[in-house]
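Below: the structure, in structure tokens.
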Amino acid sequence: MFEFEIAGISVPLFMLILTGSTVGIVGGFIGVGGGYMVTPALIVFGFPGYMASGIDATHIAGKAVISTVRHRQLGNIDWTLGLAMVGGTMMGVEIGVRLLNWTKEHGVSGIVLLMATVVIMLGLFIYTQIETQAATKKIQKATAQGITTGREMKATRMPEFFQRIPLYPIVRCHTARLVISMWVIVVVGFLTGVLAGFFGVGGGFIRVPALVYIVGATTHIAVGTDLLEIVVSGGYGALRQSMSGNVDMLAVMFMILGAMVGAQFGSIATAYVRGPAIRYILSYSLVLATVGAFLRLAYLITGGVYEIFNFLAVVFTLGEMIFLCLFIVSLVWFSVRHRHGKTVPKWIPSLVVAVD
Amino acid sequence: MAEEKHTTRGTIKFIVWTAASLALIYYCWWSYSSGQMVSWYYYKAKTDGFAIRANLVREATKEKPIVLEIAQVQEVTGLQAVPVKKGERLPVGVNGIISKKDLEEGKRVKLEGNTIKVIQGTQIREAKGFKFKDTFMHKGIETNPWSGAWNLGMVIAMGLALGLMAEGFTDMVGIKISKIKHFEGAH
């Protein structure tokens with residue numbers, strides 16, 4: 001047990017390091033900060049709610065830097081796209097925070113927040129599942145016809161519509177091979193920023209699908225570029241939280257040390273899989289977080305009478321981290337087996353790459 | 001030959017960034033354990049009230065109240081409460097403030113002559129749908145605004161140093177990480 005003088009509690013250090021590394025794996029792989037998983041975990045360890053949010057936001061900034069360094073090496077970052085989005089995101093986050101404060105003033109923040117989480121995440125989960133299943137079928141069909149399929153396969157025409165919007169200035173994103181109106185990028189950044197500010201999270205779980213389905217980036221580039229975005233938005237969040245006195249820097253440091261190992265694994269693991277695999281994991285993380293949010297919503301709606309809802313919400317949120325980590329590790333394991341010509345389950349070849 | 005050069009560069013990169021990471025970790029640890037970071041955190045009073053060591057009254061209940069003695073001291077070591085005004089620097093050893101508002105309400109604390117009786121040290125609150133134990137700790141304190149910039153700088157520097165250290169490590173041990181070919185094959 002280590003006593004954190006600022007937070008005022010004693011926590012086993014390995015729990016913080018372990019949390020940092022598991023969320024690092026998931027975050028580095030699907031391009032999210034993982035705030036919706038870390039904050040509840042820290043509350044379970046005994047940190048007060050505001051301090052859990054502050055430590056989470058600050059560690060996310062550091063973890064995003066670690067992941068960004070690795071994704072840069074993998075060529076997964078489109079700097080033009082990322083930097084064009086930053087302005088919109090920052091404005092959006094500010095509006096989102098004000099919207100949250102407005103709901104707080106009217107005494108409906110808890111329920112509005114949770115209901116919005118459930119609706120948006122469930123919607124994204126259903127769309128991503130349908131699209132990704134169609135994409136994997138396309139890969140299987142192409143492979144059966146002897147066509148070599150690449151890393152990315154999508155079953156949506158939405159990006160083409162948004163790329164045709166003729167509003168100047170038009171920007172060319174070289175790494176993502178996109179030519180698109182700057183306004184589309186800024187508006188996507190703004191809207192995802194509003195949701196991020198409103199939910200009080202980094203917003204990666206909304207921005208990655210937006211980059212894939214609206215802007216038209218490949219999933220790998222969406223993940224890397226989003227992590228670059230999180231460095232900026234997470235950094236801003238870290239600054240605000242630190243100035244508000246919600247951060248115990250030593251706890252952050254231990255979480256970053258754990259994240260260093262996890263984020264490396266998660267980022268490098270993207271080199272072993274195709275785009276649809278990342279989207280699958282992202283969609284599962286969305287639905288599991290939704291179940292957690294739904295249980296908390298049930299707890300709040302019933303006036304906090306049924307403690308079982310609160311208990312299950314915590315169990316679900318912590319279980320989600322472990323499940324997603326195991327899923328990612330198993331994908332890498334099967335990818336290595338597939339590369340060496342060993343037998344793998346039928347659904348694996350459409351999700352992993354044999355040779356690069 | 002090229003591979004050897006790559007490994008050598010990786011080794012140098014790993015050593016340099018490991019040294020930088022260790023220096024940052026040590027500095028962070030030293031700032032915390034020497035009390036520097038703690039004094040930046042518990043910097044000024046944000047409200048009029050009494051500065052206390054909040055962890056000592058955490059267990060206070062109606063049945064087992066804890067009494068604090070009002071005193072004018074530079075360092076709080078036990079069950080003492082130092083009167084502070086908004087904007088004043090906090091005495092050493094305090095980590096929370098019982099505000100005037102709390103005293104006026106009288107739900108959690110009561111002013112009795114030269115003492116303060118704490119009758120509810122902990123209350124249950126909720127954040128993002130999760131319940132947590134809320135105490136007087138961190139209440140009414142103002143953190144040094146520069147500590148925010150320090151934290152941010154530290155986190156970014158640490159992330160960069162650790163990220164580049166890991167990159168150097170994989171280069172050093174010969175794990176080849178090349179750029180992903182995003183647009184090869186049918187897509």
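The number of heavy atoms from other shown groups lying within 6.0 Å of CZ (A:F2) is above 12. Counting non-hydrogen atoms of other residues, nucleotides and ligands closer than 6.0 Å to CZ of A:F265 gives a total above 12. Summarising the local packing, CZ of B:R89 is surrounded by more than 12 heavy atoms from other residues, nucleotides or ligands at distances under 6.0 Å. The 12-atom threshold is not exceeded at CD of B:Q74, counting heavy atoms of other residues, nucleotides or ligands nearer than 6.0 Å. Residue B:E59 places its CD atom among 12 or fewer non-hydrogen atoms of other residues, nucleotides or ligands, all under 6.0 Å distant. The environment of CZ in A:F4 is crowded: more than 12 heavy-atom neighbours from other residues, nucleotides or ligands sit within 6.0 Å.
Annotation: maximal heavy-atom pairing with chain B below 4.5 Å, among A:K63, A:M253, A:Q264, occurs at A:M253. For the options A:I256, A:N76, A:I9, A:V247, heavy-atom pairs under 4.5 Å to chain B are most numerous at A:N76. Options A:H59, A:E5, A:Q73 differ in how many heavy-atom pairs under 4.5 Å they form with chain B, and the most are formed by A:Q73. Comparing A:L74, A:T219, A:V69 by how many heavy-atom pairs each has under 4.5 Å with chain B, the most go to A:L74. Between chain B and the residues A:V231, A:T218, A:L250, the most heavy-atom pairs under 4.5 angstrom are made by A:L250. Counting heavy-atom pairs under 4.5 Å between each of B:G153, B:A149, B:G148, B:G96 and chain A puts B:G148 at the top. Residue with the most contacts toward chain A among B:A161, B:P145, B:S31, B:G35: B:P145 (heavy-atom pairs, distance under 4.5 Å). Highest contact tally toward chain A, considering only B:H138, B:M37, B:E142, B:M165, is held by B:H138 [criterion: heavy-atom pairs under 4.5 Å]. Ranked by heavy-atom pairs shorter than 4.5 Å toward chain A, the options B:T135, B:L152, B:N95, B:I156 are led by B:L152. For the set A:M51, A:R274, A:R240, the entry with the most heavy-atom pairs within less than 4.5 Å of chain B is A:M51.
Of the atoms belonging to B:I141, not a single heavy atom falls under 4.5 Å from chain A. With a 4.5 angstrom heavy-atom cutoff, A:A52 does not touch chain B via any of its atoms. At a 4.5 Å heavy-atom cutoff, A:I139 makes no contact with chain B through either its backbone or its side chain. Using a 4.5 Å cut-off between heavy atoms, A:A64 does not touch chain B at all. Contacts between A:V252 and chain B at a heavy-atom distance below 4.5 Å involve the side chain alone, from C-beta outward. Both the backbone and the side chain of A:A61 come within less than 4.5 Å of a heavy atom in chain B. Proximity to chain A is limited to the side chain of B:M158, based on heavy atoms less than 4.5 angstrom apart. For A:M243, the parts lying under 4.5 angstrom from a heavy atom of chain B are both the backbone and the side chain.
Under the 4.5 Å side-chain criterion, counting only non-hydrogen atoms from C-beta, A:R151 is not in contact with B:K181.
For B:A166 against A:R70, the heavy-atom pair with the smallest separation is O-NH2, 3.1 Å.
Contacts of A:D78 classified as side chain to side chain donor-acceptor pair (under 3.5 Å), with partners at least two apart in sequence or in another chain: none.
Of the inter-residue distances, the one linking B:I177 atom CD1 with A:I268 atom CD1 reads 3.5 Å to the nearest 0.5 angstrom. Residue B:S21 holds its OG atom at 9.0 Å from CG of A:L257, rounded to the nearest 0.5 Å. Annotation: the span from A:I66 atom CD1 to B:L162 atom CG amounts to 5.0 Å, rounded to 0.5 Å. One finds the NE2 atom of A:H220 at 4.5 Å from the CD1 atom of B:I180 (value rounded to the nearest 0.5 Å).
A donor-acceptor pair is defined here as one N or O able to donate and one able to accept, closer than 3.5 Å; no such pair exists between the side chain of B:Y32 and the backbone of A:D248.
Residue pairs meeting the side-chain hydrogen bond (donor to acceptor under 3.5 Å, both in side chains) criterion with at least one partner in residues 144-169 of chain B, sequence neighbours excluded, are A:R72-B:E167, A:S242-B:N151, B:K13-B:E167. Sorted by first then second residue, the side-chain hydrogen bond (donor to acceptor under 3.5 Å, both in side chains) pairs that include residues 97-107 of chain B, not counting sequence neighbours, are B:S99-B:D102.
Using the six-membered ring where Trp is involved, B:W29 and A:F254 have ring planes that are perpendicular, over 60° apart on the 30 and 60° scheme.
With A:V65 as reference, B:L160 is the one residue of B:L160, B:L164, B:V155 to meet the side chain to side chain contact (heavy atoms under 4.5 Å, CB included) rule.
Using a 4.5 Å heavy-atom cut-off against chain A, the contacting residues of residues 41-58 of chain B are B:Y41, B:Y42, B:R58.
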